[in-house]
Amino acid sequence: MTFDLASPFSTFRAAPLIGGLILLAGCSGGGEPETPSTEEVSAVKTEAEAFHATDKFTYANTDDVIITHLHLDLAIDFDAKVLSGDAVIDLKWLNDEATKVILDTNDLTISAVSYEKDGEWVSTGMELGEDDPLLGSKLTIEADDHPTKLKISYQTRPGAQGLGWLSAETTANKTAPFLYSQAQTINARSIAPLQDTPMVRMTYSAHLTTPPNVLAIMSAEQDPNTPKDGDYTFSMPQPIPSYLIAIAAGDIDFAPISGNIGVYAEPGVVEKAAWEFAETPDMMTAAEGTYGPYRWGRYDLIVLPPSFPFGGMENPRLSFMTPTLLAGDKSLTNVVAHELAHSWSGNLVTNATWRDAWLNEGFTSYVENRLMELVYGEDRAVMEQVLGLQDLKRDVAELEPELTSLKMPKDLANPDDAFSQVSYVKGQYFLMFLEQRFGRDHFDAFLKEYFDKFAFQSITTEVFLDHFRKTLWAAHPEAVTDAEIQEWVYGTGLPDTLIEPASPAFDLVDETRSEWLAGDLALSDIPTTDWTTHEWLHFLGGLPDDMTVEQFTELDETFGLSGHQNAEIAYAWYMNAITANYEPAYPALEEFLIRVGRGKFIYRLYQALEDNGKGEWAREVYAKARPGYHPIAQTRIDGILGL
């Protein structure tokens, strides 16, 4: 299904939550995602034209009934690589005429469905539809009597897209197998039968059983001092969308960082991680001081095994993090700031559909950068802005034009397509534009009020714009024009009003690189001792395509770039080495591809190998690396390499 909106500036009203599903009032019709006309911009719509936000990536009949609470009672079987047990869902009915509950599933084996009646579980009819490669299978449950509780007995499958199963040999400590989930965007349906759409928010609880040497943790309330006894219970009292349900289980220890912040990781990693992330409490203080209270209880992190395909995942109360952040110098902690920032933007106020993903990621990237400035200073924040803009320009050049708008198109083919640097960095720069025009003090107050007003709700781009129009913009009507806002949100490419940041530190790096390439400066004379990771990335990112093998060799031998322990620097070097066919880097590149499963690195490296005539070599390496990758990464790289 698609959204059918008129103007981005029509008057939209956020209605109260109904069991976790936000209803919107507005207008149907219009030419979105094309830029709306001036007449449409001025139109005022009435409450009688109310509509439900729709999500084409769910089967769920959310107009009829919604889940308000999910309880999972599951056993984790590492040998079979499955979760098995029951999902009990609480329902709120919205349509008196409805007779069915439709849920999302993907690669689930459903053994029984029943509903609660007079304290007993009564079997009911169900039908599991055909499997769609993207959406999975529709589960239709007979519900003539409008039950308020359903119990679904089921089992996941070993290849479930949302579950990563690792043998003990592929973990850091090599003592126990490991499981971790990744539900965003629509992979929660491969973990449990539910309404897998960010429109619906629910509380959840869980009981998990594991082998006795395994600790299980979830994105929920849990005691960090829980013993490894194989029996665990969890509660998430705040309503969240399905993609924020998360599970991890393995040989996991805990190290406190402060009274309400700590880190989980394998025993050989946990202390290193606690040191690397020691400034997380400072980030929390900065965030609360600027954007209001943290509303989730504890904030913990878990460093997952290297196969985790993302830099981080903002699962509430328990951010999942890649070990590639453990650089030993706290230089990559912007990812921690990003996942913490999601506690306000994304987890607290959530995009109602994946077409509105920038409401999650653009806001979070903006807040992340503000936290980096508050904790580490303006110079570092500006360097990260510059690097982010470079990545954005690359993505804009590579993407189809319709995927360069903040509001994703109606015919978005896959929700994952919404997660380019457009949603992240273009969204960030839009908010930076607003900050510049309205002033930081006014904009900070606006964002704090926005997070409070829409707390624990899922909203669309149009709801945000309406709120912006009636508050900050109404108070300062001359700060921006309709045309400027339209261009930022609905226009393609980069707006003319984008102001590029300037980093004096990067200017010096540019001068140094030019002098070396011209033969006027020896590498040994470059003052790299005090360079940050960001300066290295800028240096490597600016190397020309026509460098000689001798120049590559000199760089490599002088600075030990092949096999560099900082994953960001190593990745930037390998991308240059592939383009130039600098073969001495290939043994270290092979080791990197086998050891690291982070998609940010491995997708582009495999693509570069395929594009530069090294596809056969890449497939040989991938055959060794694939068993250690998450299913999400396996699917992506299979496509890149034509497998």
- Message: If you count heavy atoms of other groups shown closer than 6.0 angstrom to NZ of Lys151, is the number above 12?
- Response: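 Atom NZ in Lys151 is packed in, count exceeds 12.
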
- Query: Any chance NZ of Lys174 has more than 12 other-residue heavy atoms, nucleotides or ligands included, within less than 6.0 Å?
  - Reply: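 Yes, enclosed.
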
Note, [X] side chain near [Y] side chain (heavy atom, < 4.5 Å):
X      : Y      : answer
Thr350 : Ile240 : no
Trp121 : Val113 : no
Asn106 : Ile191 : no
Ile302 : Val263 : no
Tyr264 : Pro224 : yes

Within the side chain of [X], is there an N or O that forms a donor-acceptor pair under 3.5 Å with the backbone of [Y]?
X      : Y      : answer
Ser365 : Gly362 : no
Tyr180 : Phe308 : yes
Glu276 : Leu326 : no
Ser181 : Ile247 : yes
Trp354 : Phe419 : no
Tyr232 : Gly230 : yes
Ser458 : Pro198 : yes
Thr324 : Ala567 : no
Ser423 : Ser420 : no
Gln195 : Ile67  : yes

Is the [X] to [Y] ring centre distance short of 6.0 Å?
X      : Y      : value
Trp358 : Phe363 : yes
Trp165 : Phe78  : yes
Phe234 : His207 : no
Phe456 : Trp296 : yes

- Task: May I have the step-by-step check of side chain to side chain donor-acceptor pair (under 3.5 Å) for Glu368 and His342, ending in yes or no?
- Result: CA-CA 9 Å; Glu368 166 205 333; His342 267 303; over 6 Å; no

- Item | Selection residues 623-643 - residue pairs positive for side-chain hydrogen bond (donor to acceptor under 3.5 Å, both in side chains), sequence neighbours left out |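 As it turns out, the side-chain hydrogen bond (donor to acceptor under 3.5 Å, both in side chains) pairs with a partner in residues 623-643, which skip direct neighbours, are Glu590-Lys624, Tyr606-Tyr629, Tyr622-Arg626, Tyr622-Asp638, Arg626-Asp638.
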
Please find the pair of heavy atoms, one from [X] and one from [Y], that lie closest to each other, and give the distance.
X      : Y      : result
Ile632 : Gln182 : CD1-CG, 3.6 Å
Leu83  : Ile76  : CD2-CG1, 3.6 Å
Gly136 : Tyr59  : O-OH, 2.9 Å

- Message: Looking at Glu221 and Arg298, is there a salt bridge between them, counting it only when a charged N and a carboxylate O are closer than 4.0 Å?
- Response: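 No, Arg298 and Glu221 are not salt-bridged.
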
- Query: Salt bridge check: are Lys272 and Glu266 linked by an N-O gap of less than 4.0 Å?
  - Reply: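 Looking at Glu266 together with Lys272, the answer is no, because their closest N to O distance does not fall below 4.0 Å.
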
- Worked check of side chain to side chain contact (heavy atoms under 4.5 Å, CB included) between Tyr243 and Asn187: CA-CA 7 Å; Tyr243 75 87; Asn187 293 321; over 6 Å; no

- Task: Test Ser345 against Thr364 for side chain to side chain donor-acceptor pair (under 3.5 Å), laying out the working first.
- Result: CA-CA 6 Å; Ser345 49; Thr364 296; 2.7 Å; yes

- Query: Given the rule in the side chain to side chain donor-acceptor pair (under 3.5 Å) test, do Asp55 and Thr197 qualify, once you have shown the distances and angles that lead to the verdict?
  - Reply: CA-CA 7 Å; Asp55 181 357; Thr197 170; 2.7 Å; yes

- Query: Between Thr460, Thr461, Asn351, which is the residue that forms a side-chain hydrogen bond (donor to acceptor under 3.5 Å, both in side chains) with Asp356?
  - Reply: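 For Asp356, the side-chain hydrogen bond (donor to acceptor under 3.5 Å, both in side chains) test succeeds with only one of Thr460, Thr461, Asn351, which is Thr461.
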
- Message: Among Thr105, Leu70, Asp104, which residue satisfies the side-chain contact (heavy atoms from CB on, under 4.5 Å) criterion with Pro193?
- Response: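 Passing option: Thr105.
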
- Could you walk me through whether Asp196 and Thr58 pass the side chain to side chain donor-acceptor pair (under 3.5 Å) check? CA-CA 6 Å; Asp196 196 10; Thr58 181; over 6 Å; no

- Could you pull out all residues at least two apart from Lys228 that satisfy salt bridge (Lys or Arg N to Asp or Glu O under 4.0 Å)?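 Asp251, Asp253.
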
